[in-house]
Enquirer: 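Mind having a look at this structure? Questions to follow.
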Amino acid sequence: MSSTEPVIRIADLPDRVGQTVTIRGWVTHLRSSGKIAFIVLRDGTGLLQCVVVKKEVDEASWETFGTLTLETSITVTGAVRADARQVGGVELGVTTLAVIGASPLDYPIQPKEHGVDFLLDHRHFWLRTPRQVAIMRIRNEIEQAIHDFFYERGFIRVDTPILTAAIGERSGLFSTEYFDEGNAYLAQTGQLYGEAAAAAFGKIYTFGPTFRAEKSKTRRHLTEFWMIEPEVAFNDTHANMQLQEDFVSFLVQRVVERRTAELAELERDISKLEKIRGPFPRIDYTDAVATLQKKGSAVQWGEDLGAEDESLLVEDYETPIFICNYPKEAKAFYMKENPADPRTVLCDDMLAPEGYGEIIGGSQREDDYDKLRHRIQEEGLPLDAYGWYLDLRKYGTFVHSGFGLGLERTVAWICGTPHIRECIPFPRMMHRLRP
RNA sequence: GGCCGCGUAGCUCAGCUGGUAGAGCAGGUGACUGUUAAUCACCGGGUCACAGGUUCGAGUCCUGUCGCGGUCGCCA
C-alpha cells in the first residue's frame with residue numbers, strides 16, 4: 001500500500017479513465033475463474049468491479065486474493081478502464097492488492113433474500129447494502145432540502161429541548177428521573193417552544209428527534225422519529241397550508257432532480273413523484289365525512305378519521321390532500337377555534353398519496369388568552385405547567401400557525417418503501433432498542 | 001392493548017388426512033482467463049421456540065408460556 005498514491009472515490013472514476021488510482025473499500029462480492037478473478041468493491045460512493053488476472057499482479061497480491069472474504073476492507077491499485085458492461089462504465093485492472101482488515105467467514109448478510117427481523121438484528125450490516133444506501137442518501141437529500149427551503153425564505157432554525165417537564169400532547173411519554181425536579185419527559189414535540197421563538201424571530205423551524213411511548217405496532221410508527229416543525233408569526237391557517245404545499249412540493253422535486261440514481265435503485269415510479277406540485281385539494285372535514293358516508297364508511301360527524309377512511313379519501317387524487325377543520329374534540333387543546341363554526345378548529349392534516357397516510361399535522365394556534373386557558377382546564381391539564389405558554393398570549397398575542405412534518409413518513413413515501421423502519425438508520429420501535 | 005398470523009440447518013423456506021428430517025443459498029475441497037446473486041463435481045451441517053397433553057407413534061393435533069410480524073386504535 002503506497003501512501004504517496006492519491007486515494008480516489010469510486011464515484012469520481014469515470015473522469016479518470018486511463019489513470020492509475022488507489023481505492024479503499026470493502027469487498028461486496030467475489031467471483032473467481034481460476035486465473036482470472038473479480039472483486040466488487042464498495043467505498044460508500046459506489047460499486048467498482050476490480051479485475052485480478054494472475055499474470056498481471058505480483059505473487060503476493062494473487063495470494064492475497066485467495067484469502068479475501070465478504071466485507072474484508074482492502075486497498076487496491078490499478079488502471080481505470082472503460083467497460084460498457086459495468087455500472088458507471090468503468091472497471092479497475094488491478095496491479096496490487098492488500099488487506100486492511102480481514103472479515104471472518106460468518107458475515108451474516110448474504111447476497112440473497114433475508115427476513116426483516118434478521119435484517120433488523122443486523123442493522124449495522126444491513127445499512128451497507130445498496131437499497132439501504134439509496135434510502136439513506138435520499139433521506140440526506142431531503143434533510144438538506146429542508147434546510148435550504150427555510151434558509152432561502154428567512155426562517156431561523158431553533159433547537160428546542162429534548163428533556164422537558166410534562167407538556168405537549170396527551171399521548172405516551174418516556175420519563176426519566178431528573179435530579180430534584182421530579183420526572184423529566186422526552187419531548188413529543190418542540191411546537192410550544194417554537195411558538196415562543198416565533199415571537200422572537202418571526203419565522204422559525206425546529207428539526208429534531210421526538211419520542212412517543214405509545215404501543216403502536218404499524219408500518220407508520222416509530223417510538224423515536226424526526227420531526228420538522230415550522231412556526232410563523234401572523235400566518236393564518238390558509239397561509240399555513242400554502243407553506244405546507246410549497247414545502248412538500250419542493251422536497252419531492254428536489255429528490256426527483258438530484259437523486260435519480262437512488263430512485264432507480266429503489267425502482268420508484270418517478271412519474272408519480274413528478275405530479276407532486278401544488279395546489280393540493282383542501283377538503284373540509286365536514287365535506288370529507290359526507291363523502292365517506294357516500295362511499296359506505298360508518299364514520300359519524302365528530303369522530304376522528306380512521307386509517308381506512310383516509311385511504312378512501314386519498315384514492316381519488318394523485319397529489320397529497322388536506323383535510324381541514326376537524327371537530328374540536330378530535331384535536332389538541334392549542335388549536336384555534338374556527339370563527340365560522342365553533343364546533344371545529346382551524347387545523348389541517350396532509351395525507352400523502354399511494355396510501356402513505358398522514359405526513360403533516362398543522363394548525364393555527366389559539367391566540368386568545370381566556371379561550372386557551374379554558375381549553376387547558378377542559379383537557380384536565382395542569383395549568384401551572386403551561387404558565388409560560390399562556391404568557392405568550394398575555395404579552396403581545398399574535399395570530400400564528402405552524403405544522404409538524406414527519407421525516408421518516410416523508411422519506412418512506414418518496415422512496416416508496418413498504419415500512420417506515422427502513423427510513424431511519426437505527427429504528428426504535430416497541431420491540432426494538434438495539435442495535 | 002384487541003384481532004389475525006408466524007417460530008424447522010448459518011440464511012430463505014418446504015414438510016399433505018400424524019409414521020423416525022428435506023431443498024436452495026451460504027460454508028469446505030477441487031476444476032475453470034470475462035464473471036455480474038458465475039458454473040460444475042463432491043463433502044459437512046438439526047434440542048423442529050419452550051413446557052405439558054392426546055396417541056403405539058407428534059415438526060404435524062390440543063393447552064399454556066415466550067419471542068416476533070401484520071393490522072386496528074393513538075399520532076408525524
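Letters A, B, ... mirror the listed sequences (proteins, then strands); counts begin at 1.
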Enquirer: Holding to salt bridge (charged side-chain N to carboxylate O under 4.0 Å, His left out), I want the full list of residues that pass it with A:Arg131, two or more places apart in sequence or in another chain.
Expert: A:Glu422
Enquirer: Going by the angle between their ring planes, with limits at 30° and 60°, are A:Tyr389 and A:Tyr386 parallel, tilted or perpendicular?
Expert: perpendicular
Enquirer: Less than 4.0 angstrom from a charged side-chain N to a carboxylate O is my criterion; do A:Arg123 and A:Asp121 meet it?
Expert: no
Enquirer: Given the C1' atoms of B:G7 and B:A76, what is the spacing between them in whole Å?
Expert: 33 Å
Enquirer: Polar pairs (N or O, both sides) under 3.5 Å between protein and nucleotides 64-66 of chain B?
Expert:
none

Enquirer: Can you give the dot-bracket line for RNA chain B, using ( ) for pairs inside the strand, [ ] for pairs that cross earlier ones, | for pairs with another strand and . for unpaired bases, where Watson-Crick and G-U count if both distances are under 3.5 Å?
Expert: (((((((..((((.....[..)))).(((((.......))))).....(((((..]....))))))))))))....
Enquirer: Would you indicate what A:Glu408 reaches in the nucleic acid, counting non-hydrogen atoms under 4.0 angstrom: base, sugar-phosphate, or nothing?
Expert: nothing
Enquirer: So what does A:Lys54 hit on the nucleic acid, given a heavy-atom distance under 4.0 Å: a base, only sugar-phosphate, or nothing?
Expert: nothing
Enquirer: Using a 4.0 Å heavy-atom cut-off, does A:Glu308 contact any base of the nucleic acid, only the sugar-phosphate backbone, or nothing at all?
Expert: nothing
Enquirer: What N/O pairs connect the protein and nucleotides 39-47 of chain B at under 3.5 Å? Give each pair on its own line.
Expert:
none

Enquirer: Can you find a side chain N or O atom of A:Arg421 that sits less than 4.0 Å from OP1 or OP2 on B:G70?
Expert: yes
Enquirer: Should A:Phe38 be counted as stacked on B:G34, where stacking needs a ring-centre gap under 5.5 Å and an angle between planes under 30 degrees?
Expert: no
Enquirer: Is there a side-chain contact between A:His431 and the phosphate of B:C68, meaning an N or O under 4.0 Å from OP1 or OP2?
Expert: yes
Enquirer: Using a heavy-atom cut-off of under 4.0 Å over every strand shown, decide if A:Asp121 touches base, sugar-phosphate, or nothing.
Expert: nothing
Enquirer: At a cut-off of 3.5 Å, list every protein nitrogen or oxygen paired with a nitrogen or oxygen from nucleotides 6-15 of chain B, distance to 0.1 Å.
Expert:
residue	atom	partner	partner atom	Å
B:G10	N2	A:Gln110	OE1	3.4
B:G10	N2	A:Gln110	NE2	3.2
B:C11	O2'	A:His114	ND1	2.7
B:C11	O2	A:Lys112	NZ	2.4
B:U12	OP1	A:Gly115	N	3.0

Enquirer: Across the strands shown, which category fits A:Gly357 at heavy-atom distances under 4.0 angstrom: base, sugar-phosphate, nothing?
Expert: nothing
Enquirer: Less than 4.0 angstrom from a charged side-chain N to a carboxylate O is my criterion; do A:Lys295 and A:Asp316 meet it?
Expert: yes
Enquirer: Would you mind reading off the distance between A:Arg212 atom CZ and B:G73 atom P, rounded to a whole angstrom?
Expert: 16 Å
Enquirer: Does a nitrogen or oxygen in the side chain of A:Arg432 sit under 4.0 Å from OP1 or OP2 of B:C68?
Expert: no
Enquirer: Which atom pairs, one a donor and one an acceptor, fall under 3.5 Å between side chains of residues 411-419 of chain A and the rest of the protein, sequence neighbours left out?
Expert:
residue	atom	partner	partner atom	Å
A:Thr417	OG1	A:His419	O	3.4
A:His419	ND1	A:Arg421	N	3.0

